[in-house]
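Notes follow once the structure below has been shown.
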Amino acid sequence: MKTLAELRKIREKAQQEMRLRQSDNRVKIVVGMGTSGIAMGAREVMKTIMEEVANRNLTDVLVTQTGEKGLSSMEPVIDVVEEGKQTVTYGNISPEKARKIVAEHIVNGKIVNDFVVTVQS
Amino acid sequence: MSLKRTDILICCGSGCVSAGSLKIKAKLIDELKKHDISDEINVIETGCMGPCDYGPVMMVYPEGVFYRNVSVDDVEELVDEHLLKGRPLKRLMMQDVDDKVYTKVSEIPFYKKQIKVALANCGYINPDKIEEYIALGGYEAIGKVLSEYSQQDTIDVVTKSGLRGRGGGGFPTGRKWQFCYDQKADYKYVICNADEGDPGAFMDRSILEGDPHRVLEGMMLAAYAIGAQKGYFYIRAEYPLAISRIKKAIVQAHELGLLGENIFGSNFCFDAEVRTGAGAFVCGEETALISSIEGRRGIPNAKPPFPAISGVWTSPTDVNNVETLADLSTIFTKGPDWFAGMGTETSKGTKVFALTGDVKNTGLVEVPMGVTLRELIFEVGGGIPNGKRFKAVQLGGPSGGCLTEDHLDTKIDYESLKAAGAMVGSGGVIVMNEDNCMVNIAKFFLEFTMEESCGKCIPCRVGLKQMYKIMERITSGNGKQGDIEELERLGKNICELSLCGLGQTAPNPVLSTIRYFRHEYESHINDKSCKTKVCLPLMHFFINKDKCIGCGLCSRKCPVSCILGSRDEKYFITQEDCIKCGNCMEVCPVSAISKIAGVGYKPIDDSDSIYG
Amino acid sequence: MYEKIFKKYSPEKENLIYILHDIQDSDPQNYVSEDAVQKVSEFLRIPISHIYGVLTFYTMYSTKPRGKNVIRLCESPPCFLKGSEKILIQLCEMLNVKVGETTEDGLFTVELCACLGICGNAPAMMINEDVYGDLTDEKLIKIINDIKRRA
């Protein structure tokens, strides 16, 4: 190890691997993974979102899951949670729609109104 | 970037391992494979998370859910409910008195008052991965110091922080480094004293197992400050996991060029290796430790000369405790004022304590110095289980003393505890409830130090044995007038005349229990009675005839057939023959048998015998 | 016979403790024999008396043959407070030996030792390098039977 810069490079890379444990993520995408969600394809939605986030190298975005959202008719459901902003709940999400949400809402900050179920603080 | 969505941290400190955490890990990996989600979930072994009593414990991120008392049988449900359906298992989470589940770890009373410095990464990182240590700022301190600080600057920072030796001596670390630095010598050494032998202490083990790189970095900071080229980790052989983790850490550090020549492009060259003990408590004493490293019997030497002047192979040597070294990197990254901002006037920073004995939350905790005993035992520790009352707390292991209810509001710092007759020591806190006999406890500690005595000096070798003989007489019903005074006299002399710290502090448990529990000694000697019914010769079992139903079960279970009687006349114990095994009390279906303090019979007094 | 071990170390006195550990661990009877001491003395060029001095000082070494599995039960205060005495009595009864003795089949030796550092999970014991905590009568029976089965 010859310089502090070298050390910091290793640190940045390693921090990526540990980001699930850190709490400094800008956005959290929560996928409803209750039984009905899974039955309606939530797992594929989850996988798609994770791939998109990885491909776009969105280092401040966390993808996680939760249980039954109680919106069975809208499954699969995802929440987009951001510090200081209102939580947006999207419903009837397919892998394709999920990609659109990542591109427009997560990256560009534009809520995709067509897919919105509720917006709450 | 990996596509993992969950980090499951399983505590694999030796405590949780002994409770089965590795089996849980194996089952978890199986279940994840079964459900085809192995690619999405990280299963990480960490070091000690702290609360041994709740072990095995786990943390699930990003939710930050804390699971306690997990068993192999819980794994299937855990995977199904939490990982697949996103529903954390409430029954395995911590609950408060109103059964409300704690959702945040910081709300749990055990963690609330803790500020983690030495334990910052324990239970949070995978100790086998140097990258995780670096991710959290590891090796930044040594990098900064080598680029910007002179050796004297480095010493000054530590002096400013007020850090004192955490192994028990409490000697100001900055001052020790200064002594070492001031010596002119071709070779100097740093030794990490990991011969944690105090009964009730396991903080060093946990830090070495859970965050080995932190200790290595601390050693490097010490080495740079004093001008040492080589470091030794002296780890007791009873800690095989700690030994293998440190060895691995050294290899990893070499691979990244953090050990060896010209570290961080400076003139600083340093290497470290592991040396083990072979089962000798006295090797925790620095001169004995040095003898052991040199391949000899671990016999202490008189000081002066101190190791800082003449240590291993007569070179200036800085001997620091594991926790002391673990505090260093944070002192440099957050600044000495931050560290000194915690604690009391004379005792700065935080201290790791090991809570054991009759307390609800046994385990490892790190709190700022100055916290009171009451806060530590009742808030962090959760108080005494099973509705029992607090009686005493033994602080500082076999070198320390016992304190009572009256001392619960004492602030924990080096000077306050010393004044009360105890000591911070390594941080062992053994809590005792009302069922404990303080005379017996003191005898226990004395037996330990007596057996661990190296034998070199008479006050310790012979003196402790004499004290022990008296304690044995007292607890077996043969105590006599003058015994307490003799114990005090011997104890004082041994403290003043012994060669090393072992002998100098060994009488403390006896002296402090005489100071605060003299009545128990007097009761043993004068009344031949052990009020807590622990000392078998000074108590007896008794059958309450009013409760006895004459079933005869006790008589049948008695191994020496000393219980006589019948269904009609009920049963009684022939006290002279009773061996106090307690079988009768265990089998009695109506709880008619109880323990009574005092000898159960009067020996025949034949002093009036006509035979003289 | 000890060449493999000697190859790992330079012939200096400071390596004595590690060489003795390795020799003891490689012996199926978990001890350091007279013959081994002789060889170590030749390798390190130090007197036999010095080696015995070290062997008898440190409690983890044994100069007498022991069982394949050395059980070291902690007898320190935190374990005592949680009932280590009862565990010891049960252990000795189960294996039909006294403290310091080896079972007839050479499988177990029972020893007492000082604090193992597992105090949060007292009472505790080590069997060779494996640690066991929160010992109860049932757990003890299971642990011993598991080892007997694997033997």
Side-chain angles (χ1 to χ4, degrees), chain B residues 13-19 48 51-53 55 196-202 204-206 236-242 275-281 283 292-299 313 354-358 362-364 394 397-398 428 430-432 436 441 444-445 447-448 451-452 454, chain C residues 9 12-22 24-25 32 44 46 50-62 72 74-82 84-86 89 111-126 128-135 139 143:
Chain B
S14 289
C16 280
V17 167
S18 75
C48 182
C52 301
D53 223 42
E196 184 178 53
D198 271 7
F202 53 102
D204 291 350
R205 172 181 63 67
S206 302
R236 57 192 301 236
E238 291 90 332
Y239 289 171
L241 184 56
R275 295 274 165 144
T276 62
F281 172 71
C283 286
S292 186
I293 286 186
E294 294 177 355
R296 297 182 278 128
R297 288 159 68 95
I299 310 265
W313 295 299
L355 284 173
T356 61
D358 300 320
T362 59
L364 226 52
Q394 216 282 347
I430 304 178
V431 182
M432 287 169 277
N436 288 291
I441 291 287
F444 223 93
F445 276 110
E447 189 182 351
F448 174 81
E451 284 181 359
E452 295 290 343
C454 76
Chain C
Y9 302 97
E12 281 160 71
K13 191 162 94 175
E14 63 187 81
N15 291 323
L16 177 60
I17 288 186
Y18 318 104
I19 293 175
L20 291 175
H21 266 308
D22 280 358
Q24 181 167 277
D25 291 342
V32 182
L44 292 179
I46 54 178
H50 178 98
I51 301 176
Y52 273 110
V54 166
L55 272 175
T56 51
F57 180 83
Y58 295 99
T59 59
M60 287 181 81
Y61 297 130
S62 178
R72 302 169 68 230
C74 175
E75 58 167 346
S76 286
C79 281
F80 168 73
L81 285 174
K82 295 283 194 180
S84 62
E85 275 194 319
K86 263 191 85 189
I89 292 172
E111 290 179 358
L112 287 173
C113 68
C115 182
L116 295 171
I118 321 284
C119 324
N121 299 85
M125 70 180 177
M126 269 181 99
N128 295 339
E129 289 211 340
D130 297 319
V131 207
Y132 301 93
D134 294 316
L135 294 175
K139 256 192 175 169
I143 294 167

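Proteins come first, then strands; the chains are lettered A, B, ... in the order of their sequence lines, and each starts at number 1.
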Check: Under a 4.5 Å heavy-atom cutoff, which of Ala237(B), Cys283(B), Ala19(B), Pro199(B) has the most pairs with chain C?
Finding: Pro199(B)
Check: So, for Asn121(C) and Ser18(B), which heavy atoms are closest and what is the spacing to 0.1 Å?
Finding: CB-OG, 4.0 Å
Checklist line | Toward chain C, the part of Cys454(B) with a non-hydrogen atom under 4.5 Å | finding: both
Notebook entry, point to check: Using non-hydrogen atoms only, which part of Glu75(C) is less than 4.5 Å away from chain B: side chain, backbone, both, or neither?
Noted result: both
Next item on the list: Please look at Glu452(B) and chain C and tell me whether the side chain, the backbone, both or neither of the residue comes under 4.5 angstrom of a heavy atom of that chain.
Entry: side chain
Next item on the list: Could you tell me which portion of Ser206(B) (side chain, backbone, both or neither) has an atom closer than 4.5 angstrom to a non-hydrogen atom of chain C?
Entry: neither
Next item on the list: Below 4.5 Å from any heavy atom of chain C, which atoms of Glu294(B) appear? Answer side chain, backbone, both or neither.
Entry: backbone
Next item on the list: Kindly assign one of parallel, tilted or perpendicular to the pair Phe448(B) and Phe281(B), based on the angle between their ring planes and the thresholds 30° and 60°.
Entry: perpendicular
Item checked: Arg275(B) versus chain C, the contacting section by heavy-atom distance below 4.5 Å -> both
Notebook entry, point to check: Of the backbone (N, CA, C, O) and the side chain (C-beta and beyond), which part of Ile118(C) lies under 4.5 Å from a heavy atom of chain B, both, or neither?
Noted result: both
Note to self: To the nearest 0.5 Å, what is the distance between OG on Ser14(B) and OH on Tyr132(C)?
What the structure shows: 13.0 Å
Next item on the list: Check whether Ala201(B) gets within reach of chain C through its side chain, its backbone, both or neither, counting any heavy atom under 4.5 Å.
Entry: backbone
Next item on the list: Using the ring of Phe202(B) (Phe, Tyr or Trp, six-membered ring only), decide whether Arg205(B) places NZ or CZ under 6.0 Å from its centre and within 45 degrees of its axis.
Entry: no
Next item on the list: Measure Asn436(B) against the heavy atoms of chain C and call it side chain, backbone, both or neither at under 4.5 Å.
Entry: side chain
Check: Of the listed residues (Gly298(B), Cys16(B), Gly13(B), Gly397(B)), which shares the most heavy-atom pairs with chain C below a 4.5 Å separation?
Finding: Gly298(B)
Notebook entry, point to check: Considering only heavy atoms from C-beta outward, does the side chain of Glu14(C) approach that of Trp313(B) to under 4.5 Å?
Noted result: yes
Next item on the list: Would you check if Asp25(C) and Asn128(C) make a side-chain contact, meaning some heavy-atom pair closer than 4.5 Å?
Entry: no
Next item on the list: Pick whichever of Pro77(C), Ala114(C), Gly133(C) has the most heavy-atom pairs under 4.5 Å with chain B.
Entry: Pro77(C)
Note to self: Looking at every non-hydrogen atom in both residues, tell me the closest pair between Pro78(C) and Cys119(C) and how far apart they are.
What the structure shows: CB-CB, 4.1 Å
Next item on the list: Write down the atom of Thr356(B), the atom of Thr362(B), and the distance for their closest heavy-atom approach.
Entry: CA-CG2, 4.0 Å
Check: Side chain, backbone, both or neither: which part of Leu241(B) has an atom under 4.5 Å from a heavy atom of chain C?
Finding: neither
Item checked: Closest non-hydrogen atom pair, Phe445(B) against Pro398(B) -> CD2-CA, 3.6 Å
Check: Of the backbone (N, CA, C, O) and the side chain (C-beta and beyond), which part of Arg297(B) lies under 4.5 Å from a heavy atom of chain C, both, or neither?
Finding: both
Margin query: For Lys13(C), which atoms come within 4.5 Å of any heavy atom of chain B: side chain, backbone, both, or neither?
Written below: both
Notebook entry, point to check: In terms of heavy-atom contacts, does CD of Glu12(C) have more than 12 from other residues, nucleotides or ligands at under 6.0 Å?
Noted result: yes
Margin query: Below 4.5 Å, heavy-atom pairs only: which of Ile17(C), Leu20(C), Leu55(C) has the largest tally toward chain B?
Written below: Ile17(C)
Next item on the list: Could you tell me which of Gly357(B), Ser292(B), Gly363(B), Gly428(B) has the largest number of non-hydrogen atom pairs under 4.5 Å with chain C?
Entry: Ser292(B)
Next item on the list: Would you indicate whether the side-chain heavy atoms of Lys139(C) and Asp134(C) approach each other to under 4.5 Å?
Entry: yes
Checklist line | chain C contact via Ile430(B) - which portion, at a heavy-atom distance below 4.5 Å | finding: side chain
Notebook entry, point to check: Can you tell which of Gly277(B), Ala354(B), Gly295(B) has the highest number of heavy-atom pairs within less than 4.5 Å of chain C?
Noted result: Gly295(B)
Checklist line | Minimal non-hydrogen separation, Leu116(C) against Tyr239(B), with atom names | finding: O-CE2, 3.3 Å
